[in-house]
Amino acid sequence: MIKQIKIAIDGPASSGKSTVAKIIAKELGYTYLDTGAMYRCATLMALDNGWQESDLDLILAGLDRYPIRFERANDDTQLVFLDDVDVTHRIRENDVTNNVSWISAFPEVRAKLVEQQQTIASQGGIIMDGRDIGTVVLPDAELKIFLIASVDERAERRYKENVAKGIPTDLETLKAEIAARDYKDSNRKASPLKKAEDAIEFDTTGISISEVVKFILEKVAEILDKEVES
Ligand code: DC
């Protein structure tokens, strides 16, 4: 049987991680785990309950009480459920996006979600995207990719995504929000966004999705070839 590997994709907001990871998961028949969606669910749970930064105990109890679950839809897209409610679209809205940084800065919240992520990864071939996958969640991943892109390009990508989803958006506001989230994600104490020492950095500015996918699939093939040889 061909060995299945673990693939970690990290990088800042809108660097193309999830688009690329989904295509690769399909291509290889691997499980795709969107860890950002889990932090977004935790954020939505807090917003819906009116919990704030001083309510860490309530947030932690809520994470135990309201399960986060992924399901494959008929059209092959992934649905996200929080306490059995489909929140796939709700968690992409601006209020969630703009509050996710403070929730994901709590080490206790991260510990709970990382444990769930590691359990899912232990089931076989996995590709996960996030901020701390190569450094914390899957430090033993056979392939680690760190995707980056300019703020302008990332804002334009998210702008197009939002317009397609019918979410009202202003491009300049988006640029400022992406830069602010980059800063918070990279400067928090607990598991900040950081390239793992053994990760391959890839700048996707001006590069098509299919080229990024091709590059990563070539790396996977190299790793699997080495396994066969040894
Ligand atoms: O990938 P995304 O934009 O959906 O992630 C939303 C937020 O969740 C991001 O701003 C930081 C946080 N996050 C994190 O702290 N660790 C991860 N592994 C994934 C996301």
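Whatever order the structure lists them in is the order used to number ligands and atoms, beginning at 1.
In terms of protein heavy-atom proximity, atom 12 (C) of ligand 1 is closest to S104 OG, 3.7 Å. In terms of protein heavy atoms, atom 6 (C) of ligand 1 is closest to R181 NH1, 3.5 Å. Nearest protein heavy-atom contact of atom 19 (C) of ligand 1 is T35 OG1, 3.3 Å. If you check which protein heavy atom lies closest to atom 20 (C) of ligand 1, you get G36 CA, 3.5 Å.
Residue-ligand proximity, G130 to ligand 1, at heavy-atom distances under 4.0 Å covers atoms 17 (C), 18 (N), 19 (C). Close approach of ligand 1 to D132 is summarised as follows: ligand atoms under 4.0 Å from at least one heavy atom of the residue are 16 (N), 17 (C), 18 (N). Set against the non-hydrogen atoms of R92, the atoms of ligand 1 under 4.0 Å away are 4 (O).
Checked for salt-bridge contact, D83 and R69 miss the test: no charged N lies under 4.0 Å from a carboxylate O. Taking the charged nitrogens against the carboxylate oxygens, R92 and D34 do have a contact shorter than 4.0 Å, which makes a salt bridge.
A 6.0 Å sphere centred on CG of L79 holds more than 12 heavy atoms belonging to other residues, nucleotides or ligands. Atom NZ of K195 has more than 12 neighbouring heavy atoms from other residues, nucleotides or ligands inside a 6.0 Å radius. Open room surrounds OH on Y159; 12 or fewer heavy atoms of other groups in view lie less than 6.0 Å from it. Within 6.0 Å of CG in N74 there are 12 or fewer heavy atoms belonging to other residues, nucleotides or ligands. The number of heavy-atom neighbours closer than 6.0 Å to NZ of K160, taken from other residues, nucleotides and ligands shown, is 12 or below.
In this comparison of T43, V100, D10, I178, the heavy atom closest to atom 7 (C) of ligand 1 sits on V100. When the heavy atoms of M128, R131, R110, R40 are ranked by distance to atom 15 (O) of ligand 1, first place goes to R110.
Within the 4.0 Å heavy-atom criterion, the part of R188 lying near ligand 1 is the side chain and not the backbone.
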side-chain contact (heavy atoms from CB on, under 4.5 Å) evaluation trace for V87 with C41: CA-CA 8 Å; V87 295; C41 281; 3.9 Å; yes

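Inclusion of S101 in the set of residues having an N or O under 3.5 Å from an N or O of ligand 1 is not warranted. Residue-to-ligand polar distances keep D34 apart from ligand 1: every N/O pair is separated by 3.5 Å or more.
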